[in-house]
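Report on the structure given below.
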Amino acid sequence: MAKLIFFLAVQILLLSVVSSTRDDGENFARTIDRKLLGLRRKEKLAHFKVYWHDMISGPNPTSIIIQPPVKKYSTTYFGGIFMIDNALTAKVSRNSTLIGKAQGFYAGAAQKELGLIMAMNFVFKTGKYNGSTITILGRNSAMSEVREMPIVGGSGLFRFARGYVEARTKWTRNLDATVEYSCYVLHY
């Protein structure tokens with residue numbers, strides 16, 4: 001009798017292990033309480049301006065060409081890919097207070113105009129938002145006076161962020177540029 005009970009106990013144990021490890025594709029997601037992620041607080045709207053410095057020339061470029069543009073479309077930079085680690089400052093001057101960095105890439109995405117796809121994180125290095133980021137992903141029609149791009153996420157104090165930025169070119173020389181980014185961010 002003891003052998004039978006032992007045998008049945010082992011069978012039940014094996015059956016429970018097999019059934020708990022079976023992947024039927026139904027248990028990949030679950031609903032969780034919003035409060036566990038700090039979402040019980042009221043959503044806030046933050047507005048700030050930073051100045052984005054894209055320096056391709058000089059001894060310390062902050063933007064480098066990963067893929068040169070297609071020659072046929074070189075005036076629009078179509079096909080060109082640029083990796084960036086640009087300074088974000090408090091004022092137009094590159095020597096003003098460093099707020100953070102813009103890290104990511106942009107690429108020439110239009111054949112007949114200067115139209116870029118921008119994918120970058122604003123990584124904040126000072127003050128209340130130190131260590132937090134916002135992620136910008138969108139089209140930049142670079143010759144327009146004002147360009148609007150969406151904020152699609154963030155981290156740290158900007159977790160669950162959404163919103164948009166308005167970009168306005170303040171200064172250009174050759175391929176170097178300083179652009180004002182006015183950011184409107186909804187976050188918790």
Side-chain angles (χ1 to χ4, degrees), residues 37-39 41 43-57 60-69 76-94 96-173 175-188:
L37 296 174
L39 298 179
R41 295 173 297 189
E43 200 169 29
K44 298 174 229 146
L45 175 62
H47 173 256
F48 51 90
K49 282 185 186 174
V50 294
Y51 294 88
W52 182 87
H53 300 277
D54 193 46
M55 301 298 140
I56 293 175
S57 66
N60 272 335
T62 63
S63 179
I64 60 169
I65 297 173
I66 299 299
Q67 168 67 45
T76 66
Y77 296 96
F78 180 66
I81 302 171
F82 298 78
M83 189 63 60
I84 64 169
D85 187 17
N86 293 344
L88 295 173
T89 63
K91 299 196 186 288
V92 174
S93 170
R94 281 182 62 196
S96 71
T97 304
L98 182 72
I99 302 297
K101 295 291 208 126
Q103 297 172 328
F105 67 90
Y106 58 87
Q111 294 180 17
K112 299 191 191 258
E113 66 176 311
L114 185 55
L116 307 170
I117 180 75
M118 307 286 291
M120 62 185 165
N121 289 310
F122 282 7
V123 181
F124 297 97
K125 304 276 186 182
T126 59
K128 174 181 175 179
Y129 299 113
N130 184 23
S132 298
T133 67
I134 60 172
T135 302
I136 298 164
L137 173 65
R139 185 175 192 280
N140 182 348
S141 182
M143 299 310 288
S144 297
E145 185 177 339
V146 179
R147 289 91 67 195
E148 186 176 303
M149 291 169 275
I151 295 171
V152 297
S155 67
L157 291 178
F158 292 122
R159 190 177 294 144
F160 289 104
R162 65 188 193 284
Y164 72 99
V165 298
E166 292 178 346
R168 292 174 176 81
T169 302
K170 293 298 181 184
W171 174 87
T172 61
R173 183 176 60 208
L175 294 177
D176 297 344
T178 297
V179 179
E180 175 190 276
Y181 275 83
S182 189
C183 307
Y184 299 88
V185 188
L186 284 166
H187 63 98
Y188 290 94

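The backbone N or O of Ile56 lies less than 3.5 Å from a partner atom in the side chain of Asp176, making a donor-acceptor pair.
Between the side chains of His53 and Thr62, not a single donor N or O lies within less than 3.5 Å of an accepting N or O.
Side-chain contact check for Ser57 versus Leu175: every heavy-atom pair is 4.5 Å or farther apart. In this structure the side chain of Ile134 never reaches within 4.5 angstrom of the side chain of His187, judged on heavy atoms. Using a 4.5 Å heavy-atom cutoff, the side chains of Leu98 and Thr126 are not in contact.
Listed by chain and number, the residues in a ring pair (Phe, Tyr, Trp, His ring centres under 6.0 Å) with Phe122 are Tyr181 (sequence neighbours excluded). Judged as a side chain to side chain contact (heavy atoms under 4.5 Å, CB included), and not counting sequence neighbours, the contacts of Ile65 are Pro68, Phe82.
Atom OG in Ser144 sits 9.5 Å away from atom CG in Leu114 (nearest 0.5 Å). Annotation: the span from Leu157 atom CG to Tyr129 atom OH amounts to 7.0 Å, rounded to 0.5 Å. Rounded to the nearest 0.5 angstrom, Glu113 CD and Thr76 OG1 are separated by 8.5 Å. Interatomic distance, CH2 of Trp171 versus OH of Tyr51, reported as 15.0 Å (0.5 Å rounding). Thr97 contributes atom OG1, which lies 12.5 Å from atom CG of Leu88 (distance to the nearest 0.5 angstrom). Between the CE atom of Met143 and the OG1 atom of Thr169 there is a distance of 8.0 Å, given to the nearest 0.5 Å.
No more than 12 heavy atoms of other residues, nucleotides or ligands lie within 6.0 Å of CZ in Arg94, so this atom counts as exposed by the packing criterion. Around atom CZ of Phe124, more than 12 heavy atoms belonging to other residues, nucleotides or ligands sit under 6.0 Å away. Annotation: Lys44, atom NZ; neighbour count of heavy atoms from other residues, nucleotides and ligands within 6.0 Å is above 12. Within a 6.0 Å radius of CD in Glu145, no more than 12 heavy atoms belonging to other residues, nucleotides or ligands are found.
The two residues Gly100 and Lys125 come nearest to each other via the heavy atoms CA-CG, 3.5 Å. Heavy atoms only, all atoms of each residue included: Gly104 and Met83 are closest at O-SD, 2.9 Å. Nearest heavy atom pair, residue Phe105 against residue Ile84, reads N-CG1, 4.2 Å. Between Val185 and Ala161, the closest heavy-atom pair is CG1-CB, 3.8 Å. Gly138 and Pro150 make their closest contact through CA-CD, 4.0 Å (heavy atoms, listed as atom of the first residue, atom of the second, distance). Between Thr178 and Met55 the shortest heavy-atom distance is OG1-CE, 4.2 Å.
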- request: Show your working on side chain to side chain contact (heavy atoms under 4.5 Å, CB included) between Asn86 and Met120 and close with a plain yes or no.
  value: CA-CA 10 Å; Asn86 293 344; Met120 62 185 165; over 6 Å; no

- request: I would like to know whether Thr133 and Phe158 meet side chain to side chain contact (heavy atoms under 4.5 Å, CB included); could you show each step before the answer?
  value: CA-CA 6 Å; Thr133 67; Phe158 292 122; over 6 Å; no

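Residue Ser182 is tested with Glu148, His47, Arg168 for a side-chain hydrogen bond (donor to acceptor under 3.5 Å, both in side chains); the sole match is His47.
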